[in-house]
Amino acid sequence: MAVVGVLALQGSFNEHIAVLRRLGVKGVEIKKPEQLDNVASLIIPGGESTTMAKLAQYHNLFPALREFVKMGKPVWGTCAGLIFLANKATGQKIGGQELIGGLDCTVHRNFFGSQIQSFETELSVPELASKEGGPETFRGVFIRAPAILEVGPEVQVLADYTVPTNKVLDSNSAVEMREEKNWSEEKVIVAVRQGNLLATAFHPELTADSRWHSYFLKMASNVLEEASSSIVAVGGVDLSLNKQPKNDLPIFQ
């Protein structure tokens, strides 16, 4: 059985583990650097990004997390997890912390405003629907959510969101950012993939729709399979270690 690590410092890690269990996959809590050696993929959940960063620093997790990403292992960040993975974050600073990085994008923390401005909306997700079946939309749960403002050429956009005028006007951080960038655009990016990295600004683990988890598990399986096959065999012997079987996961109905 595949085992997926879930960073369990703070936030919605239990909810992610529950979804994985529904899919027949074991999720294990990751709280110490050495625990990363026992998993081949990782989910970084949503939560309070400042608190998560301080706890990660306290447990000396950042070097191991950065190495995990650099090794090409599959990682999915949701909400705060997206902030952790982004190469550049604007808006409120996280105590000057250097986080994980690896995802070629610029993210704005709390783009949509404060806790009371959290919301749910239907997102168009053609890539997710084509891979996992089900409807062409996904119910996005945004809780003090970030937004992706810019992406690099290697980043695949999986979902975006058209910001209502009143939503922008209600968010001081968003107004400030739009003024800085002199934006005329109305859309922000809320889900991306770049190689071994997946990121969503919303919280799929808080819905009954498990397609994003299924998508990540299949993505992780493919990434690990490609990494294993790239190892050169000597004398016709396969030297790849910890080769993961390809998951045959259920399709959302």
Tell me, please, which residues at least two apart from Glu67 pass salt bridge (Lys or Arg N to Asp or Glu O under 4.0 Å).
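With sequence neighbours excluded, Glu67 shows a salt bridge (Lys or Arg N to Asp or Glu O under 4.0 Å) to no residue whatsoever.
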Using the six-membered ring wherever Trp is involved, compare the ring planes of Phe84 and Phe62 and label them parallel, tilted or perpendicular (cut-offs 30° and 60°).
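If you compare the ring of Phe84 with that of Phe62, the planes turn out tilted.
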Ion pair present between Glu127 and Arg193, side-chain N to carboxylate O less than 4.0 angstrom?
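Salt bridge flag = no for Arg193 with Glu127.
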Between the main-chain N or O of [Y] and the side-chain N or O of [X], is there a donor-acceptor pair closer than 3.5 Å?
{"X": "Glu226", "Y": "Val223", "value": "no"}
{"X": "Arg211", "Y": "Gly133", "value": "yes"}
{"X": "Ser210", "Y": "Val19", "value": "no"}

What verdict does the ring pair (Phe, Tyr, Trp, His ring centres under 6.0 Å) test give for Tyr161 and Phe119, after you've listed the backbone C-alpha separation in whole Å, the side-chain angles of each residue and the deciding distance to 0.1 Å?
CA-CA 12 Å; Tyr161 174 66; Phe119 64 99; 5.4 Å; yes
Chi angles and distances behind the salt bridge (charged side-chain N to carboxylate O under 4.0 Å, His left out) call for Glu150, Lys88:
CA-CA 10 Å; Glu150 297 175 346; Lys88 183 179 179 182; over 6 Å; no
For a quick check under 3.5 Å, do Arg144 and Ser118 share a side-chain donor-acceptor pair by atom type?
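Side-chain D/A pair, Arg144 to Ser118: absent.
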Verify same cluster id: Ile143, Leu9 (apolar side-chain graph, 4.5 Å):
no
Can you tell if the side chain of Val69 reaches within under 4.5 Å of the side chain of Lys73, non-hydrogen atoms only?
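They are not in side-chain contact.
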Test side chain to side chain donor-acceptor pair (under 3.5 Å) applied to Glu120 - qualifying residues, sequence neighbours left out
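By the side chain to side chain donor-acceptor pair (under 3.5 Å) rule, Glu120 matches Arg139.
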Evaluate the criterion side-chain hydrogen bond (donor to acceptor under 3.5 Å, both in side chains) for residue pair Thr51 and Glu48; output intermediate values, then yes/no.
CA-CA 5 Å; Thr51 300; Glu48 211 296 308; 3.2 Å; yes
With a cut-off of 6.0 Å (strictly less than), are more than 12 heavy atoms of other residues, nucleotides or ligands near CD of Glu154?
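Counting other residues, nucleotides and ligands, CD of Glu154 stays at 12 neighbours or fewer.
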Tell me, please, which residues at least two apart from His16 pass ring pair (Phe, Tyr, Trp, His ring centres under 6.0 Å).
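Ring pair (Phe, Tyr, Trp, His ring centres under 6.0 Å) list for His16, sorted by chain: Trp76, His213.
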